[in-house]
S.K.: 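One structure, as structure tokens, below. Some questions next.
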Amino acid sequence: MAVFVALGAFLMTLAGGWTAQRVTDRRHLVLGLAGGLMLGVVGLDLLPEALDAAGAEVFGVPAALLLFVAGFLVAHLVERLLAVRQAAHGAEEHACAAAQREHPGHGPHAGPGPEGTVQPGTAPCGTAHEGTAHEGRAPEVGLTAAAAMVFHSAMDGVAIGAAFQVGGGMGLAVALAVIAHDFADGFNTYTITSLYGNARRKALAMLFADAAAPVVGAASTTFVTIPEQLLGGYLGFFGGALLYLAAAEILPEAHHEHPARSTVLCTIAGAAFIWLVVGLAA
């Protein structure tokens, strides 16, 4: 029963990703909505669940909140390290291009000559680097964030399976909450993967992985049980990383080229939607 219900989450996630693809001409509104959805998921869904599940305190502070801060900092550090690496690659390619302008007949690579012929030493710089940063962003950050969302969706499936083990009514209530916010998960997974310059096929692959994750998670509950405190700790850590991406990347990008009032309204609408979903599922 749990796996069958989780198929609803599969379809809802795909619907969210499909919506994110279809509104490319309103990208600033998409990003504003995604930022609001992510903020709502973190503040109204992930953190409360994390605090309930990981109730232990460490030096007077709930462990879930410590992991929340750790997730935020780790996301920041990972992005900075990848950005430095991409900047180094960019400087190397710039130096290579300058050297080719000064010495067009020298170089270790071969490149296309007139009428498609190959000339030694004229290969364009940077052809060996695939998956370069999009507007200064490292694609690996988007893939890592999307992978974390896939794992979160798998945990949603585990929650559905565990709830059905308690009782049918509890299982349906949890499934309703998961299915409702999986639209936001699919929307955010596709958006954040694309935002960091990843190819469309990679964004679609992460979207399908995110859609399938709840089904896999629900099926896994027939074999394993995840300790509640471990699950709560993960939710706190993931919430911190997700908040960093929303506040430091998604929302600033949404207002970069189109600082419009409608973008702010989309952000508010995204957070309000998650509030509505959480309230209906309570």
Side-chain angles (χ1 to χ4, degrees), residues 16 20 24 26-48 50 64-90 131-153 181 184-198 202-203 206 210 233-275:
T24 52
R26 293 289 185 269
R27 185 168 177 268
H28 60 291
L29 299 180
V30 170
L31 294 175
L33 179 62
L37 290 171
M38 292 166 75
L39 175 62
V41 167
V42 171
L44 306 178
D45 186 20
L46 292 182
L47 268 184
L65 291 183
L66 287 175
L67 288 167
F68 174 81
V69 174
F72 188 98
L73 293 176
V74 167
H76 175 61
L77 290 174
V78 168
E79 187 192 38
R80 289 299 89 203
L81 289 173
L82 291 173
V84 168
R85 193 189 73 175
Q86 292 298 139
H89 284 172
T132 55
H134 178 66
E135 297 180 356
R137 293 183 174 86
E140 296 89 341
V141 174
L143 291 175
T144 301
M149 297 190 76
V150 171
F151 187 77
H152 167 62
S153 294
H181 85 249
D185 284 353
F187 189 97
N188 290 336
T189 298
Y190 185 88
T191 299
I192 202 168
T193 307
S194 302
L195 177 65
Y196 280 84
N198 290 287
K202 289 186 178 180
M206 297 308 298
D210 190 45
Y234 165 75
L235 291 176
F237 185 87
F238 174 63
L242 201 61
L243 181 63
Y244 174 81
L245 293 173
E249 294 295 331
I250 301 292
L251 291 177
E253 178 68 15
H255 293 277
H256 177 61
E257 296 181 357
H258 300 277
R261 187 180 305 171
S262 56
T263 306
V264 177
L265 292 177
C266 283
T267 303
I268 296 172
F273 173 76
I274 298 299
W275 183 19

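Since we're looking at a predicted model, the values are computed, not measured. Throughout, residue positions are numbered sequentially from 1 according to the sequence presented.
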S.K.: Between Leu37 and Ile274, what is the shortest heavy-atom contact and its length?
M.R.: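 In terms of heavy atoms, the two residues are closest at O-CG1, 3.7 Å.
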
S.K.: Just to verify, what does Thr189 make a side-chain hydrogen bond (donor to acceptor under 3.5 Å, both in side chains) with, not counting sequence neighbours?
M.R.: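 Result, side-chain hydrogen bond (donor to acceptor under 3.5 Å, both in side chains) vs Thr189: Asp210.
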
S.K.: For Gly236 versus Ala50, what's the shortest heavy-atom pair and its separation?
M.R.: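 Closest approach of Gly236 to Ala50: N-CB, 3.6 Å.
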
S.K.: When rounded to the nearest 0.5 angstrom, what distance separates CG in Leu143 from NZ in Lys202?
M.R.: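 Nearest 0.5 Å value for the CG-NZ distance: 6.0 Å.
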
S.K.: Tell me every residue that passes side-chain contact (heavy atoms from CB on, under 4.5 Å) with Leu39, counting only those two or more places apart in sequence or in another chain.
M.R.: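 For Leu39, the residues satisfying side-chain contact (heavy atoms from CB on, under 4.5 Å) (neighbours in sequence not counted) are Leu243.
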
S.K.: To check you understand the geometry: which heavy-atom pair defines the closest contact between Met206 and Ala147, and what is its length?
M.R.: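 Met206 and Ala147 have their closest heavy atoms at CE-N, 3.5 Å.
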
S.K.: Using a 4.5 Å cut-off on heavy atoms from C-beta on, say whether the side chain of Leu251 contacts that of Thr263.
M.R.: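 When only atoms from C-beta onward are counted, Leu251 and Thr263 do not touch, as no gap falls below 4.5 Å.
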
S.K.: Quick check: closest heavy atoms across Ala246 and Pro252, and the distance to 0.1 Å?
M.R.: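 Minimum heavy-atom separation between Ala246 and Pro252: O-CD, 4.1 Å.
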
S.K.: Which residues pass the side-chain contact (heavy atoms from CB on, under 4.5 Å) test with Ile192, not counting sequence neighbours?
M.R.: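 So Ile192 forms a side-chain contact (heavy atoms from CB on, under 4.5 Å) with Met38, Ala145, Tyr196, Leu245, Ile250.
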
S.K.: Looking at residues at least two apart in the chain, or sitting in another chain, which of them share a ring-ring contact (aromatic ring centres under 6.0 Å, His included) with Tyr244?
M.R.: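 Tyr244: ring-ring contact (aromatic ring centres under 6.0 Å, His included) contacts with Phe72, His76.
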
S.K.: Hey, could you give me the CG/OG distance between Leu33 and Ser262, rounded to the nearest 0.5 Å?
M.R.: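 Between atom CG of Leu33 and atom OG of Ser262 there are 11.5 Å.
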
S.K.: Restricting to non-hydrogen atoms, name the atom on Asp45 and the atom on Pro48 that form the minimum distance, rounded to 0.1 Å.
M.R.: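 Residues Asp45 and Pro48, closest heavy atoms: O-CD, 3.5 Å.
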
S.K.: Okay, side chain of Thr267, backbone of Gly36: is any donor-acceptor separation there less than 3.5 Å?
M.R.: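 No, because the side chain of Thr267 does not come within donor-acceptor range (under 3.5 Å) of the backbone of Gly36.
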
S.K.: For Leu29 and Leu265: C-alpha separation, side-chain torsions, deciding distance, then whether side chain to side chain contact (heavy atoms under 4.5 Å, CB included) applies.
M.R.: CA-CA 9 Å; Leu29 299 180; Leu265 292 177; over 6 Å; no

S.K.: Could you list the residues that satisfy side-chain contact (heavy atoms from CB on, under 4.5 Å) with Leu46, not counting sequence neighbours?
M.R.: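 Leu46: side-chain contact (heavy atoms from CB on, under 4.5 Å) contacts with Val41, Val42, His152, Leu235, Phe238, Leu242.
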
S.K.: Once side-chain contact (heavy atoms from CB on, under 4.5 Å) is applied, do any residues pair with Val69, and if so which ones, sequence neighbours excluded?
M.R.: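 Val69 satisfies side-chain contact (heavy atoms from CB on, under 4.5 Å) with Leu73 once adjacent residues are dropped.
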
